[in-house]
There are 2 protein chains.
Amino acid sequence: MDAQPVPDTTPAPAARPAPTGPRAARKRQAIVRAARDLFLREGFGVGMDAIAAEAGVSKVTVYNHFGSKEALFTAVVAGGLDEPLSESGRGDRGGEGRSDAPDLARLVDADGPDALKAALADAGRAWGRALRADTEGRALRTLVATEVHRFPELGRAWRAHGPAGHHPAVTNALRALADRGLLDIPDLEVAVLQLYSLLVFPQMVFEQHGTELGEELGERLVVDGVEMFLRRYAATPGPAPAPSSAPGRAPAPSSTPGS
Amino acid sequence: MDAQPVPDTTPAPAARPAPTGPRAARKRQAIVRAARDLFLREGFGVGMDAIAAEAGVSKVTVYNHFGSKEALFTAVVAGGLDEPLSESGRGDRGGEGRSDAPDLARLVDADGPDALKAALADAGRAWGRALRADTEGRALRTLVATEVHRFPELGRAWRAHGPAGHHPAVTNALRALADRGLLDIPDLEVAVLQLYSLLVFPQMVFEQHGTELGEELGERLVVDGVEMFLRRYAATPGPAPAPSSAPGRAPAPSSTPGS
DNA sequence: TCAACTGTACTGTGCCGTACAGTTCAGTTA
DNA sequence: TAACTGAACTGTACGGCACAGTACAGTTGA
């Protein structure tokens, strides 16, 4: 739009300095909430009047808080990305269970092959549940995917919330399990991706295509995926399990798990 | 919103009967092509003037062929879905290689574990290449995902082109391999999905998030994914490999999305 | 020859962003 | 507690712009 050489030294020459105060905070939150709902439901083409009306706020107030529609959009998206389903109770249709993140502690604390298998399957089910409940997140992803070319500044926050979002936690969990001799993982990065591939990616792909991976098929995929993952990475009980500097705790697991 | 009793009995009272003739066909094709390019690059918000200009055609001609912008959009999407990268040579940036579909014949004809492993890896690489080259398809998917709520008629064709697009071919290939005793697959539907999960879904998920699964990491995933798949499903060489020539156990023909 | 196409100018509409006059709220001082 | 004050908010109306769709007279091509 404007290619004027705006001096960065004067960030807001004539721009209102953004309202402050307790009431302003309430209004601002209402605006962001309404804008998110409408953006996710109608797309970026929704009008500012509609947003202001939905927020119960005058359109001028919207422009006093966020200088432009694009600024509002980026604020909404950035905020939505960092607030997966945070405590702000969305009374209507938001996710009910707090099962957003699977219990990774149970994973690392697994003290045997059977517990590990159960913990992995539970993690897969939790991921599936979280994905299924995260309608907003899904809409947000597709919305950003289409509009990111017009808002390059979103690229960073967008990429940060890609599939590598909570990789570190899972990576650490798998590494801990490998150090304890329960798993034998030659390529940790690949193993993490494979775990995701088997347990969560199918649902993501199906959902992105407007289809629903059925409940029953999802369960079969989780169970069989865990089976597959463990058949590949479960440490063999015989030889020295942990080569790294891990506390050499003899695991003594059973033989290869049955079907 | 609108509850007006529009008489459906007169579907096209004054609508032009759509131009015919050899010239009209050329123009029509040019319009569709330009519209697809612009829709995929700019989104549905692109102007009709821009589309007409890109097609080298008057705007009136566009409206003579397609009565409205929405009709043009649906025509473009429907056509684009059914023409993945068909022979119509897209000179500019379209996919170059004809590697769209991996060589499934080589898969079924594999005469041993090593050949099977190589064929699977090659299939994975071909899928990755096809996905990487299919920029249009990716943009089309996200575009439809965002606009499908405004064009419900697209839902059917959309869902049909989900991840289960070429499931049947792969399913048949795996079944043939199982019948020949090279694989031991208890749940065929799950096995097909797992093969996809390991070989192609990672790239799809990363691409949908604007990230790029690097070439090198992709190769590691293919190699390791094939390893994992075969470790799970390779028939044990010792005992009787093939239980029977009949499809041993494909009990769940549940609502598989796609044909 | 006649249908299809072109170029331009036009109407109408929807929407972003702003101006302005009046009103509500939150904190401060007496 | 009560009056005061200024920032924040409201409602409406408007400028300007972009765009969907049309009218019309002239031109091209099978």
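Chain A is the first sequence line, chain B the second, and so forth, proteins listed ahead of strands; every chain is numbered from 1.
Rounded to an integer number of Å, the gap from NZ of A/K27 to P of D/dA7 is 19 Å. Put simply, CZ on B/R28 is 15 Å from C1' on C/dC5, counting in whole angstrom units. Going from atom CG of A/N64 over to atom P of C/dG17 covers 13 Å, rounded to whole Å. C/dT18 atom C1' lies 18 Å from atom CZ of A/F66, rounded to whole Å.
Between B/T20 and C/dA4 there is a side-chain polar atom (N or O) within less than 4.0 angstrom of OP1 or OP2. Residue B/H65 places none of its side-chain N or O atoms closer than 4.0 Å to OP1 or OP2 of C/dA4. In this structure, B/T61 does not reach the C/dA4 phosphate: none of its side-chain N or O atoms is under 4.0 Å from OP1 or OP2.
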Could you write out each protein N or O paired with an N or O of nucleotides 24-27 of chain C at a distance under 3.5 Å?
unit_1, atom_1, unit_2, atom_2, d
C/dT24, O2, A/R23, NH1, 3.4
C/dC25, O4', A/R23, NH1, 3.3
C/dA26, OP1, A/R26, NH2, 3.2

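Note on the helix from C/dT1-D/dA30 to C/dA30-D/dT1: terminal axis deviation equals 30°, with five pairs used at each end and the result rounded to 10°.
By the 4.5 Å heavy-atom criterion applied to side chains, A/L198 and B/L198 are counted as neighbours. Within the 4.5 Å cutoff, side-chain heavy atoms of B/L104 are placed close to those of B/L107. Annotation: side chain of A/R28 is not in contact with side chain of A/T61 (no heavy-atom distance under 4.5 Å). Side-chain contact between A/T146 and B/E147 is absent, with no heavy-atom pair separated by less than 4.5 Å. Side chains of A/L217 and A/F206 form no contact here, defined as non-hydrogen atoms less than 4.5 Å apart. Residues A/T142 and B/T142 form no side-chain contact, since every pair of their non-hydrogen atoms from C-beta on lies 4.5 Å or further apart.
Listed by first and then second residue, the salt bridge (Lys or Arg N to Asp or Glu O under 4.0 Å) pairs that reach into residues 48-72 of chain B are B/D49-B/K59, sequence neighbours excluded.
Residues A/N64 and A/P19 approach most closely at O-CD, 3.2 Å, considering heavy atoms.
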Fill in: Base-contact (B) and sugar-phosphate-only (S) positions in nucleotides 7-16 of chain C, heavy-atom cut-off under 4.0 Å, - elsewhere
BB-------B
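The main-chain N or O of B/A133 is never found under 3.5 Å from a side-chain atom of B/R138 such that the two would form a donor-acceptor pair.
In terms of the ring-ring contact (aromatic ring centres under 6.0 Å, His included) criterion, residue partners of A/F73 (sequence neighbours excluded) are, by chain and number, A/F39, A/F44, A/F151. Partners of B/E219 according to the salt bridge (Lys or Arg N to Asp or Glu O under 4.0 Å) rule, which considers only residues two or more places apart in sequence or in another chain, are B/R125.
The residue B/G67 sits apart from the nucleic acid: no heavy atom pair falls under 4.0 Å.
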